[in-house]
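All remarks here apply to the structure that follows.
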Amino acid sequence: MPKLTIDNIPVEVPQGTSVLEAARSVGITIPHFCYHPALAIAAACRLCAVKLLDGPVKGIQMSCSLAAQDGMVVSTTDPEAMKLRSLVIEWLMINHPHDCPVCDEGGECLLQDFTIAGGHGRRRYQGNKRTHMNQYLGEGIYHEMNRCIQCYRCVRFYQEYAGGTDFGVMGSAGRVYFGRFEEGQLESPLSGNLVDICPTGVFTDKTGRFRARYWDYQFSPAVCQHCSVGCNTSPQAFHRELIKIVGRRNDNVNGWFICDRGRFDKEYLNTPLRPRDPMVDGTPCEYEEALAALAARVADLAKVHGPESIVIAGSPRLSLEGALMLTELAEHLKGATLSFYAGPAESEVSLGAVKLLNEQNAATVRDLEGADCVVLYELDLIEEGAMLVPAVRKAAVRGGQVYLVSSGQRTLSKPLPFAYRQVASLDEVIIEGGAKGVVICGAAPRPAEEMAQIASLGAKLMLLQPGPNGFAVGTVALESRAVPLSEVLSSGKVKALLAFEAELPDRLPEGVTLLACADWRASDLAKGAAVFLPTTTWIESDGTAVNFEGRAQHFQRSFKAGLPLKGLDPKYYQHQSPAPLHPPRVPHGEIPGGKERDCWKVVAQLIEKMGGGSMAEPLTGKWGALRDLDPEGGGIRVFGLRDR
Amino acid sequence: MELLLFKHNRPGRVCTFEEYRDGGGFSGLKKAIAMAPLEVQQVVMDSGLRGRGGAGFPTGKKWSFVPRDLPGPRWLICNCDEMEPGTYKDRALLEANPYSLIEGMTIACYALGVRHAFIFIRKGYETAAANLARGIEEAKKAGLLGERILGTDFSVDLDLHLSAGRYICGEETALINALEGKRPNPRVKPPFPAIKGLWNSPTVVNNVETLANVPEILANGAAWFKGLAKNPEGAGNKLFCVSGSVAKRVCVELPIGTTLREIIDVHCGGMRDGKKFKACIPGGASTQFLTADHLDVPMDFDTVAKVGSRLGSGGVIVFDESQCLVAATLNLITFFARESCGWCTPCREGLPFVKEILQRIEVGRGEERDLEIMREHIKYLNYSFCALAPGAMAPLDGLLRSFEDEVREHILKGKCPYKTEKQI
Amino acid sequence: MIPEELKKSLQQRVATAVTAREAAVDVMKELQSHYGWLTDEAVGEAAEILGLSTLQVDELATFYEMIYRRPVGKKVIHVCDSISCWCAGFERIMEHLRKKLGVVEGQTTADGMFTVIPCCCMGICGDSPAMTVGGNFYGSVTPEKLDEILEKERKN
């Protein structure tokens, strides 16, 4: 463990730590552009210069590429180092356009920050600025090459990290150009990360251009709920419109990055078609009214047909809190059937994984990166867990063998960016003794005998879930003896279906007289429900999600749900007729279209309305340990809790 | 004096395999193969041979950095990417005789335990490449290259890699990237090529002239080679290729330590049109200007370094009193700015900055503060990623050290004093 | 489309290389000499032969001075503009070329015969000013000599 001093502060760091990282560990940020913790050292921008005053190395050095050594005396404020840093900024600003007012990166631009930090302020170069033509890179990313400071982060990310081959660097000297061979949609499913990794505004999120500034955004730590990987994100909202989603670092799961679906797919939240109002028999009403109506109708129905005629349905879209609260509701309506999955296949896959996995055999992403052998079993990895792709790639680049077991039923939506051997069955997979193996299974139905064969391979397992929170919901379903919805409905005894963020069939069987839905989206069937209760999405609520490897992660509300201010119907800001002139002069307390409630709270309130006790805390008993989970703490695996 | 590199030259044509062999060629290889590889390396080390590509690093020492105990291949690359402006010695050498290099590389492969070696040849040296290709076939046929050389277990494959023109390819790690078919940006060091070079295996990169010296060193011994130099610290001969304002522009082989005065007066027949010597660049475009005060400095690595320049590649470019050194330096900087690979900021952006300043000064729009900005660049371009930008600053540094008055005159008069009114 | 024969010989070159990429420059140069410049189609063909993407080929192609990614005339005139040729007055040669051919640097003559491109030191400093026309070297060029060279090259 080398000991050194940086700006008179003694620092001790593990062998191999760079001086830049050592400085960071004591709170000193040395300006840098090309350095990124997820990428190999480039030492290209020359901004991170420091001066070594004494010790084994002396003079001006680049702190990113200099390993900390015993006895180093580092100064980050030495005049010579500062002069070099200011010159680097001056050199970069020779060609950087002064278009900050119309640049979407403004406010979150590393170049802005380090220009100020670097001390360069007056232009001495008298020549013209170099200009480039931009390219169309698809619907996700806007390209503005003139802003480029040639840190090479984008190409190193795209090619080395993500394994893409359609984006790179062309030309030489001052003519280097970062782009594609020809205009067109970027092919990598991780291409959106160019937005995050570019230190300035060359790549900006086209889906959120010119909507707001960084300092305007409301954001909180969130956990992506598009698939069961559980990547950490920061959704950025402005006036209740979800503008952008950016990656949030979690080395246990997604590293620094997220996939394009997690980044760009936000229509479900912003869509004007989203159900916002509670409704009873198709008529909008207040939330309390709808809850009371539902409580009364359920009570009546239970009285006539018995609680056995009631199904309470959820899905792996629920948060852990929501799932737990449904068990409380089932408890209250003793005799009612609890259901968490649309059908038996889905239920089997999810519950099978929960049963099979334990602390020892459940592979982490780190295990995957370090594997000698990776088996992709009947799986379209890019579709089902895109953020596992770079981890498999890391293993492959390190020399690991990757197998794709495919009986031909599933085809790959996109080519995988690493070398692999495609085999027809598990019998052809050889994991040598002592080798670290990881098998990744998709959420397609897995026959029991094949699962037994997989379990016998001696490899660690990654069993992807059929829904984002499948592991949590599966755990709860297992304990509460839940029954798949299609099975319950086919029994013919069901009179009432209470669906909480559940996947409904296209039509209900004869005899079901009461349908109630609580959801943030509504199918045609749900729209016709007797009682409809709008809920918040995970971005507008607090909660806990457990990813496929049993990692519980807490997400926090980024903003209060409601209709985006942009395009808001005037009826929401005036109650008089005729409407007053724009702008509205009278403020109203409530948020337009903001009646949505968190799903678990809706369940709790329903229980209360039906005469049950008040439920203020959904995480009780063994789950109580997750109550204070730090949303930025990387999450914890729940096997210990579950098996308690 | 005794010729070593040009020993086998024939006027107006390339020497033949038979001529080379009968003139004593391949005796170094025969001698080497009878020795242990490390003994061969020791002879090269003892000879004091220093890299002829420009940096002057001791060749034997470079070889000694290669780990011998690692599994996997080791590589030798001959750097024939001679793109340093003013340098044409490797062309002269290979167009006259490819065999010294082939033999030298074979010996180096033996010393280093290399099975497969490459010659990286710049665009434009097709004649040299053809000579080498023919020479390789001839040597193979004669059992001096390829499988089981001279009936021993020692085998070497020698391949040519023809490049497509970029100065940066001459930087050894950029050259390795170029050979691998990657973009020729230099690599982060460490690891150095001796540990992790071509395809991540230990690699030695030597210049053409360096390797061409090796056969004679083996044939005649380290002491003989050392004794060739004129100055006591020097070793061997050096090719000096002269261009610019001399009467006769020649590429000559002379003992290390020969003075500039002798090179110009004796071998180049003095200055062109009787003009007066003003300055010269002693070793290719990335070395500092020497002035008339330095004409008697022995041309050796350390002696030239002592007066603030570098022996470099031996490409001497001579300027006379009628030439504007601001314009000359502008030409040099323009070259370097264009040839920057674009990897690091100081080189990619700093060189065009200096170019813009020199352009203004040359057309009479210079400002006093430009001198300060240029001095900042001279100092801080040293912290570039590779040696290209520091090399580019060498002539500028020389300009400001020895000819500041000339630069100032441009600024004060608002025009280039060497241009006639008509030219302006 | 390149002839099958050329394609085969390039595939052969790639097969004998240590890695396919090692042969990339050779492949690009061969395709360039077939097409005259490295057309987009040629980049696609190179990519196929080398097992790379078009972008990966273009990353290399655009780096090198002597790979042309834009159309050029039947013969490219490279005039060295580095220091030794500067000393020998390359600017005079350039000026003469501009006048004689009616083009500036980077342009192709109206008849599609010549493209004038200044280039880096060609290592012919002993015979500066130097130039190449269609790959043929000419040293100690004077305006008078240049006329003869152009005449000769136009005929061949």
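Here the structure is a predicted model, which means the values were calculated and not measured. Order of the sequence lines fixes the chain letters, A, B, ..., with proteins taken first and strands second; residue numbering starts at 1 for each chain.
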When rounded to the nearest 0.5 angstrom, what distance separates CZ in B:Arg122 from CE in C:Met66?
7.0 Å
Short side-chain to backbone donor-acceptor contact, C:Lys29 and B:Ser163, under 3.5 Å
yes
Side chain from CB out, backbone as N, CA, C, O: work out which of these in B:Val246 comes under 4.5 Å of a heavy atom of chain C, or both, or neither.
neither
With a 3.5 Å distance limit and no angle check, can you tell me whether B:Arg183 reaches the backbone of C:Glu59 through a side-chain donor-acceptor pair?
yes
Side chain, backbone, both or neither: which part of C:Cys119 has an atom under 4.5 Å from a heavy atom of chain B?
backbone
Of the backbone (N, CA, C, O) and the side chain (C-beta and beyond), which part of B:Cys169 lies under 4.5 Å from a heavy atom of chain C, both, or neither?
side chain
When the 4.5 angstrom heavy-atom criterion is applied to B:Cys268 and chain C, the contacting part is neither
B:Tyr167 portion near chain C, given a 4.5 angstrom heavy-atom threshold
neither
Residue part contacting chain C, namely of B:Glu180, when any heavy atom lies under 4.5 Å
backbone
Knowing that exactly one of B:Leu332, B:Leu330, B:Asn331 qualifies, which makes a side chain to side chain contact (heavy atoms under 4.5 Å, CB included) with C:Trp86?
B:Asn331
What are the two closest non-hydrogen atoms of B:Gly244 and C:Cys87, and how far apart are they?
CA-CB, 3.9 Å
Top of B:Pro184, B:Gly315, B:Cys251 for chain C proximity - count of heavy-atom pairs under 4.5 angstrom:
B:Pro184
If you apply the rule side chain to side chain contact (heavy atoms under 4.5 Å, CB included), what do you find for B:Tyr88 with C:Cys121, and how did you get there?
CA-CA 9 Å; B:Tyr88 56 102; C:Cys121 180; over 6 Å; no
Spatial distance of atom OG1 (B:Thr87) from atom CD1 (C:Ile83) [nearest 0.5 Å]
12.0 Å
Given a strict heavy-atom distance threshold of 4.5 Å, which part of B:Ala92 is in contact with chain C: side chain, backbone, both, or neither?
neither
After noting the C-alpha distance and the side-chain angles of B:Met83 and C:Glu65, does the key distance pass the side chain to side chain contact (heavy atoms under 4.5 Å, CB included) rule?
CA-CA 12 Å; B:Met83 291 194 69; C:Glu65 184 181 23; 4.2 Å; yes
Which heavy-atom pair separates B:Lys182 from C:Arg21 by the least distance, and what is that distance?
CA-NH1, 4.1 Å
Rounding to 0.5 Å, atoms CZ (B:Arg338) and SG (C:Cys120) come to a distance of 4.0 Å
Portion of B:Leu162 that has a non-hydrogen atom of chain C nearer than 4.5 angstrom
both
Honestly, the part of B:Glu84 sitting under 4.5 Å from a heavy atom of chain C is backbone
Answer with side chain, backbone, both or neither: which region of C:Asp127 has an atom nearer than 4.5 Å to a non-hydrogen atom of chain B?
backbone
